[in-house]
> 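My questions all concern the structure below.
Just follow the structure's listing: the first ligand is 1, and inside any ligand the first atom is 1.
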Amino acid sequence: MSLMVDDLSSHNLSSDALLRYRTEFPILQRTNYMISNSLGAMPRAVYDSLRAYADVWATRGVRAWEERWWMLALEVGNELGALMNAPENSVSLHQNVTTCQAVVASCFDVTSKRNKIVYSDMNFPSVMYFWEAQRPYGAQVHMVKTDDGITVPTERLLDAIDDHTLIVPVSHVIFRSSYINDAKAIIDKAHKVGAYVVLDTFQSLGTVPVDVQALTVDFACGGVLKWLCGGPGVAYLYVRPDLGKKLEPKLTGWFAHANSFEFATGPIRYAEPPFRFMNGTTHIPSIEAARPGIKIIREVGVDKIREKSKRQTARLIDIADHHGWRVNSPRDPEQRGGTVSIDMPDSQQVSRELLAREILVDWRPKAGVRFSPHFYNTDAEVEAALAAVAEILKSRAVTA
Ligand SMILES: Cc1ncc(COP(=O)(O)O)c(C=O)c1O
């Protein structure tokens with residue numbers, strides 16, 4: 001399978017400086033990797049970081065905690081924080097976004113009068129399931145529905161945020177359609193009525209600029225396995241520093257204690273952030289594996305990634321239009337994240353055939369096939385992916 005390698009050799013590298021990072025990602029040698037919205041390609045350096053992790057464990061044994069592991073979540077939290085302009089020590093690490101929601105929820109009391117949770121049906125299901133499950137504890141959950149399956153009706157969402165609203169958990173970029181929510185408007189309205197926003201930046205951080213300070217967002221969470229090429233197992237939770245000083249998560253544990261090694265009995269005495277928002281023993285191997293991806297994204301720069309992404313996603317839309325396939329992502333590049341969802345005839349079957357041809361994509365109901373070029377993809381790969389779709393549809397028509 002030399003398609004990708006050949007394409008690269010004929011590609012003018014100077015016209016796309018980001019392609020020099022391709023050699024850092026082994027899977028690009030063998031596949032057309034269009035799936036960074038689901039699982040970013042593994043950086044080669046992960047072999048070294050996991051080897052180093054095993055070496056430390058093998059040679060330093062329990063001393064590894066003191067020498068490296070205890071502070072690792074704080075250090076990597078700060079590296080992630082730099083990507084979203086978070087102040088030092090405002091980002092704690094967790095296993096997934098669902099846990100981040102639970103940590104936030106545990107800081108509040110849904111039995112009080114302010115118990116309304118306002119969210120959009122375009123949120124990622126895990127986030128919906130978590131908040132819906134808080135109803136038995138007293139939460140009044142209000143879901144705002146999409147009109148077109150692509151966008152979130154901002155005005156209706158803003159109207160639903162009222163004096164009883166406690167939390168507004170919303171995605172920055174919608175996983176199904178790649179629509180960029182108007183986070184600033186949502187945050188401003190929430191603050192006006194005394195509510196808090198939990199912004200899920202899973203589908204934005206690493207491909208769309210995120211600045212938590214400019215947004216004045218209260219909480220931001222996401223995971224590293226997609227656009228940050230960090231692999232499964234690491235999610236992050238930013239807490240606005242003034243809130244971070246006073247909130248007391250009830251989902252807590254000994255890592256959140258002001259002096260864990262006191263092993264004090266009775267109620268917890270909280271540490272300062274970020275440890276304050278952690279709980280039990282941290283997930284060291286995943287955090288070690290996440291580091292090379294975060295490092296590369298910081299080096300490449302999200303602004304450059306965004307610029308290229310707008311160009312390649314526009315190209316995907318042009319080609320889809322040319323073939324008359326339905327585009328389930330915004331056409332306005334300012335409203336569109338890194339993915340283009342295309343619903344062609346038999347789209348689920350087409351996605352399976354693309355996988356069989358080493359063109360890696362996924363398929364989602366009400367979306368179609370999701371194509372997500374990242375900074376390491378060539379324009380030729382973008383075109384080859386859709387040329388393969390046309391060929392598959394043509395051969396299916398002939399067979400039928
Ligand atoms: C926007 C968004 N939020 C959350 C998740 C995942 O949630 P969790 O980390 O709880 O598995 C995804 C995708 O996996 C996502 O696209």
> Please list all pairs passing the salt bridge (charged side-chain N to carboxylate O under 4.0 Å, His left out) test where one or both residues lie in residues 254-273, with sequence neighbours left out.
Glu262-Arg269
> Is a side-chain N or O of His94 found less than 3.5 angstrom from the main chain of Leu237, in a donor-acceptor match?
no
> Mark yes or no: Lys304 above the aromatic ring of Phe375, with NZ or CZ under 6.0 Å from the six-membered ring centre and no more than 45 degrees from the axis.
no
> Give every pair formed by an N or O atom of ligand 1 and a protein N or O atom closer than 3.5 Å, one pair per line with both atom names and the distance to 0.1 Å, or write none.
unit_1   : atom_1 : unit_2 : atom_2 : d
ligand 1 : 3 (N)  : Asp200 : OD2    : 2.6
ligand 1 : 9 (O)  : Val97  : N      : 2.8
ligand 1 : 10 (O) : Val97  : N      : 3.4
ligand 1 : 10 (O) : Thr98  : N      : 2.9
ligand 1 : 10 (O) : Thr98  : OG1    : 2.4
ligand 1 : 14 (O) : Lys226 : NZ     : 3.0
ligand 1 : 16 (O) : Gln203 : NE2    : 3.0

> Pairs in or reaching into residues 114-142: which pass salt bridge (charged side-chain N to carboxylate O under 4.0 Å, His left out), with residues at least two apart or in two chains?
Lys116-Asp162, Glu132-Arg135
> Please determine if Arg51 and Glu288 form a salt bridge, counting it only when a charged side-chain N lies under 4.0 Å from a carboxylate O.
no
> For residues 89-113, which residue pairs qualify under salt bridge (charged side-chain N to carboxylate O under 4.0 Å, His left out), counting only residues two or more places apart or in two chains?
none
